[in-house]
Amino acid sequence: MSIDKETARRAAHLARIAVPEEELENLAQELSGIVGFMEQLLEVDVEGIEPLTSVSPMALPRRTDAVTDGDQIKKILKNAPDSREGFFAVPKVME
Amino acid sequence: MTDLHKITIAEARTKLRKKEITSVELTESCIGAVEESKALNAYCVKTPELAREQAKKADELLSKGNAPDMCGIPLGIKDLFCTKNINSQAASKILTDFKPEYESTVTSRLWDQGAIMLGKLNMDEFAMGSSNETSVYGPAVNPWQRDGSDKKLTAGGSSGGSASAVAADLCLAATGTDTGGSIRQPAAFTGIVGVKPTYGRVSRWGIIAFASSLDQAGPMTKTVKDSAIFLNAISGHDDKDSTSAPFEVPNFEAAITGDIRGKKIGIPKEYRLDGMPDEIEKLWKNGADMLRDAGAEIVDVSLPHTKYALPAYYVLAPAEASSNLARYDGVRYGHRATLRSGEGIDEMYARTRSEGFGDEVKRRVMVGAYVLSAGFYDAYYRRAQRVRTLIKKDFDDVYSLGVDAILTPATPSAAFGLGEMKNEDPIKMYLNDVFTVTVNLAGLPGVSVPAGLSSEGLPLGLQLIGRPWEEGEMLNVASILENGAEFNLKPNKWW
């Protein structure tokens, strides 16, 4: 399946990556090439085959649901581009 | 400057204990080599002061006796590992000046055992690439060059800086990570040993995530024995990584006995590619002969779904990457785009990521978002996961026949020139992983061992794929290839 400009625009939006209008055509072509490559998978008979989500031979371990860490506000905010009064700061969000 | 930096971990371990050298001397020699290595662009962050401080402590620990094997050994660390208060950027602009407040489990185990950090090593951005050319720092350069040429070659990727640094003796060994071949391909391109352990053997905690179901850290070293020593130092269960296996870690070094009599080595016919260079074919045959001469039984095996491994990988890895890289949004760390008037949080996300990610990362994140999106999830992502089941089953079937390890080429060619792939289709670059990617999909251990030189005088590697959790046996077989190939060559120092 080839990817058109609108689908490329949608993929860019889903990925939250700004792509200038004039580059969308080129992006669509690139993505089409990659998706075409993936389409070899359509040749495989996967009827009745379970998807593999983990190669580990064990179930994920569980632990008691208890707080094990915390009170590290300064450390957590240290690398933030903007923080105020113990919070991450972001531009105004208005819906 | 002495030549101390040229020794192996095993040699240093002996010399340190015999008091023939100190860690301070060894570290100083490495720092000197690093200083001279600008042209290789292997180190993106240098930490000589920290290294000197650690070396002093290591010497104290050594003088008390009973120091761990890695005590006093100077290492390079791939930039993908979080190192406390030291830039850890995954070679990406989006993590500019990111200084973690914590240390990855792998590196903290190394420092606890007295190992020395010389600095952070160059890599492809977020480990996405096969030539180190997607790095924000520019590519690491291979210390090897073609006979009679001074053209700069790739050190491979994504652990290109690690490979270049080990091959050029800019450290005794380095950490790498491998999602589709990122330890083994650069190791093959630079004539060193690289091990991708069984998935779950080494904790992923504190390693910047690319594709969590495939990522695994491992050693890149000058010899097979060094890889065994290094792997022992970083393996084992970690409460902070729920996928790390709660298994006892065997002594990998002790498993290298050099005795492989009666072992069954599989040669998979599907790895014989159309158009594969004769020299790769010959290298592979030589490898099989060496193992046969050492008493192993060579058997033909079939891994019928091999052809579908790369397309499955290029669905699954980008899908996981698109989720993992969602965290780079300009809020908690790294780069944030400067907003124009009237712009809000949506523009902040999209422009931050557009400015902060390089082209290959953007491409993969968008592909990942696409294959996970409504309407395509079943057709691509779900199908790729089912194909992954079949690929793993291929290996399970071969191992159930009593095969102990599988021998393949490590890469389809020797190192190529920097810039040579620039105008190629991205898929052509992806083909570098054709022999290695199956191993990640199946969660198996794999090792790349230098096994000869190409007609142009460049290193070529062979890959051994082991049974799950049998890294020791895999390294034992690898030691036969290492001895048989007598690969003790080093690149001529031009840098």
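Sequence lines set the chain letters: A, B, ... in the order given, protein chains first and strands last, and positions in each chain run from 1. Here the structure is a predicted model, which means the values were calculated and not measured.
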Report the option among [options] that has the most heavy-atom pairs separated by less than 4.5 Å from atoms of chain B.
options	value
A/Pro61, A/Pro81, A/Ala11, A/Ala89	A/Pro81
A/Ile76, A/Asp82, A/Leu31	A/Asp82
A/Ile17, A/Val90, A/Leu14	A/Ile17
A/Gly33, A/Ala12, A/Ser54, A/Pro51	A/Pro51
A/Val19, A/Leu27, A/Ile49, A/Asp45	A/Ile49

Is it the case that [X] and [Y] place a side-chain donor and acceptor less than 3.5 Å from each other?
X	Y	answer
A/Thr53	B/Gln385	no
B/Asp238	B/Ser244	no
B/Lys99	A/Asn79	no
B/Asn324	B/Ser212	yes

Counting only heavy atoms closer than 4.5 Å, note whether [X] contacts chain B via side chain, backbone, both or neither.
X	value
A/Arg10	side chain
A/Glu50	backbone
A/Phe88	side chain
A/Lys78	side chain

Counting only non-hydrogen atoms closer than 4.5 Å, does [X] touch chain A with its backbone (N, CA, C, O), its side chain (CB onward), both, or neither?
X	result
B/Tyr313	neither
B/Leu441	backbone
B/Ser323	neither
B/Ser242	both
B/Tyr328	neither
B/Ala326	neither
B/Tyr381	neither
B/Lys307	both
B/Asp239	neither

Give a yes or no on whether a salt bridge exists between [X] and [Y], defined as a side-chain N under 4.0 angstrom from a carboxylate O.
X	Y	answer
B/Asp241	B/Arg204	yes
B/Asp397	B/Lys393	yes
B/Arg201	B/Glu471	yes
A/Arg62	A/Asp65	no
A/Glu21	A/Lys5	yes
B/Arg351	B/Glu355	yes

So how far is it from [X] [atom1] to [Y] [atom2], rounded to the nearest 0.5 Å?
X	Y	atom1	atom2	value
B/His335	B/Lys93	NE2	NZ	5.0 Å
B/Arg364	B/Met366	CZ	CE	12.5 Å
A/Asp4	A/Glu25	CG	CD	9.0 Å

Between [options], the one whose heavy-atom pairs under 4.5 Å with chain A are most numerous:
options	value
B/Tyr308, B/Tyr333, B/Phe98	B/Tyr308
B/Asp97, B/Leu310, B/Ile391, B/Val371	B/Leu310
B/Ile427, B/Val367, B/Val315	B/Ile427
B/Ala312, B/Gly356, B/Pro426, B/Ser322	B/Ala312

